[in-house]
Amino acid sequence: AQSVAQPEDQVNVAEGNPLTVKCTYSVSGNPYLFWYVQYPNRGLQFLLKYITGDNLVKGSYGFEAEFNKSQTSFHLKKPSALVSDSALYFCAVRDIPKAAGNKLTFGGGTRVLVKP
Amino acid sequence: NAGVTQTPKFRVLKTGQSMTLLCAQDMNHEYMYWYRQDPGMGLRLIHYSVGEGTTAKGEVPDGYNVSRLKKQNFLLGLESAAPSQTSVYFCASSRGRAPDGYTFGSGTRLTVV
């Protein structure tokens, strides 16, 4: 079975400081990994994904994530946070090729609050 | 380009009532999904479909039924609503076996009183 853990319910950071949102996963095969962001009263928006290749993946709005196979982690990072980055962030995993129907399993979400 | 459209956006039901949530996508995606989002629990998969005329159970299927009569539409039904089904429901779609993520709708907020 595939699973995802986001150990922090909330992350607080000052504007301009680095932002990190943690994610660890468990799969029996190789993973596809995703980050999504959800703004209030909106659906989830795709930020970035890891499929294969370079362990550092760059995505939308200046976000990046680093895939670490030995630590089974896929932490989301942004060098300099903005107040507008305040939102709910979800990590998701798909177990290749065992996940029938291309099913993604989502973590519980991490709320990011960027203070001016 | 509408993407994934969910209707209605809000609904209040009385216990025991029934309703259907509609999801429509215009991207010609093969796979479609229904998730529910509850505080602290992330998104949990209710049902999914890998093509027209097919459906399968997800993680939390009890109390829900689905149908995919047309490729572009995926309907989620509640036959007898219960307060435990108060949630935000999201529909999503994907191309299929390709290593893509999902495209999500904007959600339906359902309250069962």
Side-chain angles (χ1 to χ4, degrees), chain A residues 1-10 21 23 25 27 29-53 57 59-60 65 67 74 87-111, chain B residues 2-7 9-10 21 23-25 27 29-52 54-61 66 68 74 88-109:
Chain A
Q2 55 191 36
S3 65
V4 176
Q6 293 181 241
E8 300 158 317
D9 291 336
Q10 181 160 323
V21 185
C23 171
Y25 66 90
V27 296
N30 290 316
Y32 290 153
L33 292 155
F34 302 83
W35 276 102
Y36 288 84
V37 60
Q38 184 182 29
Y39 298 102
N41 300 313
R42 301 288 296 276
L44 277 71
Q45 299 177 26
F46 171 81
L47 274 180
L48 51 78
K49 66 181 178 183
Y50 171 82
I51 303 300
T52 187
V57 178
S60 307
F67 171 64
F74 190 56
L88 188 56
Y89 292 81
F90 289 97
C91 182
V93 67
R94 173 185 161 197
D95 191 343
I96 319 161
K98 296 181 183 292
N102 195 18
K103 289 181 290 184
L104 292 182
T105 296
F106 289 82
T110 298
R111 188 166 302 281
Chain B
V4 178
T5 302
Q6 292 183 233
T7 53
K9 295 190 183 303
F10 303 94
L21 281 66
C23 176
Q25 53 95 4
M27 298 168 288
H29 283 175
E30 286 294 329
Y31 292 8
M32 297 186 74
Y33 312 84
W34 277 106
Y35 283 84
R36 60 178 288 174
Q37 182 182 23
D38 302 292
M41 303 187 73
L43 280 78
R44 294 180 292 169
L45 182 64
I46 304 171
H47 286 280
Y48 66 100
S49 168
V50 298
E52 181 178 317
T54 74
T55 63
K57 293 180 179 180
E59 182 185 359
V60 288
V66 288
R68 184 118 180 252
F74 194 29
V88 180
Y89 292 86
F90 285 101
C91 176
S93 68
S94 73
R95 286 194 292 167
R97 290 186 176 275
D100 293 341
Y102 297 168
T103 300
F104 280 88
S106 58
T108 296
R109 185 173 296 275

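Predicted model only: the values in this text are computed from it and were never measured. Proteins come first, then strands; the chains are lettered A, B, ... in the order of their sequence lines, and each starts at number 1.
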Undergrad: Show the numbers, then the answer: is there a side-chain contact (heavy atoms from CB on, under 4.5 Å) between Leu88(A) and Gln37(B)?
TA: CA-CA 12 Å; Leu88(A) 188 56; Gln37(B) 182 182 23; 3.8 Å; yes
Undergrad: Got a second to check how far Phe106(A)'s CZ is from Tyr35(B)'s OH, nearest 0.5 Å?
TA: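 Phe106(A) CZ to Tyr35(B) OH: 5.0 Å, rounded to 0.5 Å.
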Undergrad: Against chain A, label Arg109(B) side chain, backbone, both or neither, depending on which of its atoms sit under 4.5 Å from a heavy atom there.
TA: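 Side chain only.
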Undergrad: Counting only N and O atoms by type, is there a donor-acceptor contact under 3.5 Å from the side chain of Tyr102(B) to the main-chain atoms of Leu44(A)?
TA: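 No: the side chain of Tyr102(B) does not pair with the backbone of Leu44(A).
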Undergrad: Under 4.5 Å heavy-atom distance to chain A, tell me which part of Leu45(B) shows up: side chain, backbone, both or neither.
TA: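 Contact with chain A is through the side chain of Leu45(B) alone.
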Undergrad: Using a 4.5 Å cut-off on heavy atoms from C-beta on, say whether the side chain of Asn102(A) contacts that of Tyr33(B).
TA: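 SC-SC contact between Tyr33(B) and Asn102(A) confirmed.
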Undergrad: Please identify, among Gln6(A), Gln38(A), Arg111(A), the residue contributing the most non-hydrogen atom pairs under 4.5 Å to chain B.
TA: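 Highest number of heavy-atom pairs under 4.5 Å: Gln38(A).
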